[in-house]
Amino acid sequence: MQPIRNIVVLTGAGVSAESGIATFRGPGGLWEGHRVEDVCTPEALRADPRLVHRFYDLRRAALADVAPNAAHVALAELERSWTGELLIVTQNVDDLHERAGTHRLLHMHGALRSALCAVCGTRVAHTGPLPPGSRCGACGGAALRPDIVFFGEIPYAMDRIVDAIGTCDLFVSIGTSGAVYPAAGFVEWANDRGAATLELNLERSAGSGRFDESRLGPASELVPAWVAELLAGQ
Ligand code: NAD
């Protein structure tokens, strides 16, 4: 196996679960009591903007009551101490990675504390509620929406993600169900590149069979242990 220098880490809702943020597909397949189609699609935003904005207003407000857990903290420590390349790609829209101290981070599915202008595409930091019809400071259009990549929309920063996976020696997936594409396909890209692949998840996921190794358990235990192991061997 080639020596590990360049690492790409993909995180999903499972990394934030122990901070108290519900995962996507909890019991009943609902996210915080809503069907995904009712709050996570462009059609839903058009059909019922008040419901969709309110849903994300509540998720944004809930960030005030949560804190990074040991998994976020360990990944920030990895960034500080790893001498090779490292990129953390998160599917999460919470801000717990950055609050733990991670900087080399891409939010491929958007961010709760950001607003997107549906007219000019400007993205601005935003806290507090975002009522439908809020005005964009850049173009003046009454078109600010939650900066969330809905199903059917193209995730952010795909060119940078493709480049990073194309040059990585190790790809690690943490707390993700392997059900949402294109993220679920990253492990195949890493396998094609010849990188080692590791999954850390509470239970076996839809993609477990595609990883060289799967470790099962809570992220707050598995991630610090893996980071310690990696740094010890550096
Ligand atoms: P998912 O809910 O589909 O899957 C979560 C995975 O995490 C599951 O495989 C589960 O077994 C695992 N898991 C649960 N608790 C865990 C723990 N303590 N330790 C380790 N693993 C644990 O989430 P996903 O794969 O990220 O995909 C769904 C989409 O949901 C993403 O696009 C994301 O934008 C959105 N989402 C984000 C948040 C957030 O920002 N925190 C929360 C819910 C959903």
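Remember, it's 1-based here, ligands and their atoms both numbered in the order they're listed. Just so you know, these numbers come straight off a predicted model, no measurement behind them.
Between Arg5 and Glu85 there is no salt bridge, since no side-chain nitrogen of the basic residue lies less than 4.0 Å from a carboxylate oxygen of the acidic one. Salt bridge absent: Glu98 and Arg104 never bring a charged side-chain N and a carboxylate O closer than 4.0 Å. Salt bridge status for Asp57 with Arg60: present, with a side-chain N to carboxylate O gap under 4.0 Å. At a threshold of 4.0 Å, the pair Asp94-Arg59 does not count as salt-bridged, since none of the basic side-chain nitrogens sits closer than that to a carboxylate oxygen.
Polar contact with ligand 1: absent for Ser205 (N/O pair, distance under 3.5 Å). Residue Leu202 has at least one nitrogen or oxygen atom sitting less than 3.5 Å from a nitrogen or oxygen atom of ligand 1, judged on distance alone. For ligand 1, none of its N or O atoms has an N or O atom of Ile21 under 3.5 Å away.
Under a 4.0 Å heavy-atom criterion, Ala22 is in contact with ligand 1.
Interface atoms of ligand 1 facing Glu18, defined by a heavy-atom separation under 4.0 Å, are 17 (C), 18 (N), 19 (N). Within ligand 1, the atoms closer than 4.0 Å to a non-hydrogen atom of Gly175 are 5 (C), 6 (C), 7 (O), 21 (N), numbered from 1 in the order shown. Near His109, meaning under 4.0 Å from any of its heavy atoms, are these atoms of ligand 1: 31 (C), 32 (O), 34 (O). Shown in contact with Val93 at under 4.0 Å from a heavy atom are these atoms of ligand 1, numbered in order with element: 39 (C), 40 (O).
At a heavy-atom cutoff of 4.0 Å, ligand 1 is contacted by no atom of Ala179, backbone or side chain. By the criterion of a heavy-atom distance under 4.0 Å, the side chain of Ala17, and not its backbone, is placed next to ligand 1.
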